[in-house]
Amino acid sequence: VAPVVRKIQDAPALEELCLSGNTIGVEAAKAIARALSGRPTFKRAMWGDMFTGRLRAEIPVALRALGGAIMESGAQLEALDLSDNAFGPDGVEAVRELLTSPAGFSLQKLRFHNNGLGPGGGKILSEALLECHRRAAASGRRFAPKSIV
């Protein structure tokens, strides 16, 4: 994970981070999160299929660390791809705070397919998106994603 962290640190205007197709554990996610926390220009989190072989209990912890870093940085996300992670409702719950924060108000593309959400996870996701819309409107901003998969 050290090379990824160095690349993030060496890119003060980082806009996109693709971790897709990797296996990111809790400690790696926390290290990446520390580096992302200072990147307010960050816009695209391409994090589909990044928990291959990880215990399901690890995934929410990793997602909370990464989401917290994005919120701390003041970044305005345009795209969030968490597809193909099979994290179920617990994974959606772990990114609820990110989705409803100012970092989520600017989301244009949201990819959540193939995560085994079921009705419970779908409900959590829909409630988070509605809350994002309410909070964005209350702050004078517009939450108007173009694509949700």
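The analysis underlying the following values was restricted to heavy atoms, covering all of them including side chains, and did not include hydrogens, waters or symmetry mates.
The side-chain heavy atoms of Phe87 and Leu63, taken from C-beta on, include a pair separated by under 4.5 Å. For the pair Leu110/Leu125, a side-chain contact is recorded, criterion being any heavy-atom separation below 4.5 Å from C-beta on. Looking only at side-chain heavy atoms (C-beta outward), Thr23 and Arg54 come within less than 4.5 Å of each other. For the pair Leu99/Leu80, a side-chain contact is recorded, criterion being any heavy-atom separation below 4.5 Å from C-beta on. Side chains of Asp90 and Ile59 form no contact here, defined as non-hydrogen atoms less than 4.5 Å apart.
The shortest non-hydrogen separation linking Ala103 to Ile70 is CB-CG2, 3.9 Å. The shortest heavy-atom contact between Ala29 and Ala62 is CB-CB, 3.5 Å. Leu117 and Gly122 get closest at one heavy-atom pair: CB-N, 3.9 Å. Among all heavy-atom pairs drawn from Ala69 and Ala33, the shortest one is CB-O, 3.1 Å. Minimum heavy-atom separation, Ala79 to Met46: CB-SD, 4.3 Å. Closest approach of Gly116 to Pro89, counting heavy atoms only: O-CD, 3.9 Å.
Considering CG of Leu36 and CG of Leu17, their distance stands at 6.0 Å, rounded to 0.5 Å. Remark: Leu66 CG to Ser37 OG distance equals 11.0 Å, nearest 0.5 Å. A distance of 7.5 Å separates CD1 in Ile32 from CE in Met50, rounded to the nearest 0.5 Å. Interatomic distance, CG of Asp49 versus CD1 of Ile24, reported as 11.0 Å (0.5 Å rounding).
Under a cut-off of 6.0 angstrom, the local environment of CD in Glu131 is crowded, with over 12 non-hydrogen atoms contributed by other residues, nucleotides or ligands.
Checking side-chain atoms of Thr41 against main-chain N and O of Leu14 turns up a donor-acceptor pair under 3.5 Å. Judged purely by atom type and a 3.5 angstrom limit, Arg96 has no side-chain atom pairing as donor or acceptor with the backbone of Glu127.
Both Val5 and Leu19 belong to a common hydrophobic cluster when Ile, Leu, Val, Met, Phe, Trp and Tyr are linked at side-chain heavy-atom distances under 4.5 angstrom. Linking ILVMFWY side-chain heavy atoms closer than 4.5 Å, directly or via other members, places Trp47 and Val1 in a single hydrophobic cluster. Using a 4.5 Å cut-off between side-chain heavy atoms of Ile, Leu, Val, Met, Phe, Trp and Tyr, with links allowed through other members, Phe105 and Leu107 fall into different hydrophobic clusters. Cluster annotation: Met71 is connected to Phe42 through the hydrophobic network of ILVMFWY side chains, with a link wherever side-chain heavy atoms come within less than 4.5 Å.
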Tell me, with the steps shown, if Lys30 and Arg64 meet side-chain contact (heavy atoms from CB on, under 4.5 Å). CA-CA 9 Å; Lys30 287 180 179 180; Arg64 281 188 184 92; over 6 Å; no
Under the side-chain contact (heavy atoms from CB on, under 4.5 Å) rule, what do Phe112 and Val95 come out as? Steps first, then yes or no, please. CA-CA 11 Å; Phe112 255 81; Val95 294; 3.7 Å; yes
Which donor-acceptor pairs under 3.5 Å do the side chains of residues 142-149 make with protein atoms, sequence neighbours left out?
none

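Listed by first and then second residue, the side chain to side chain donor-acceptor pair (under 3.5 Å) pairs that reach into residues 99-112 are Thr100-Arg135, sequence neighbours excluded. Listed by first then second residue, pairs satisfying side chain to side chain donor-acceptor pair (under 3.5 Å) with a partner in residues 70-87 read Gln76-Arg141, Asp81-Ser83, Asp84-Asn114, not counting sequence neighbours.
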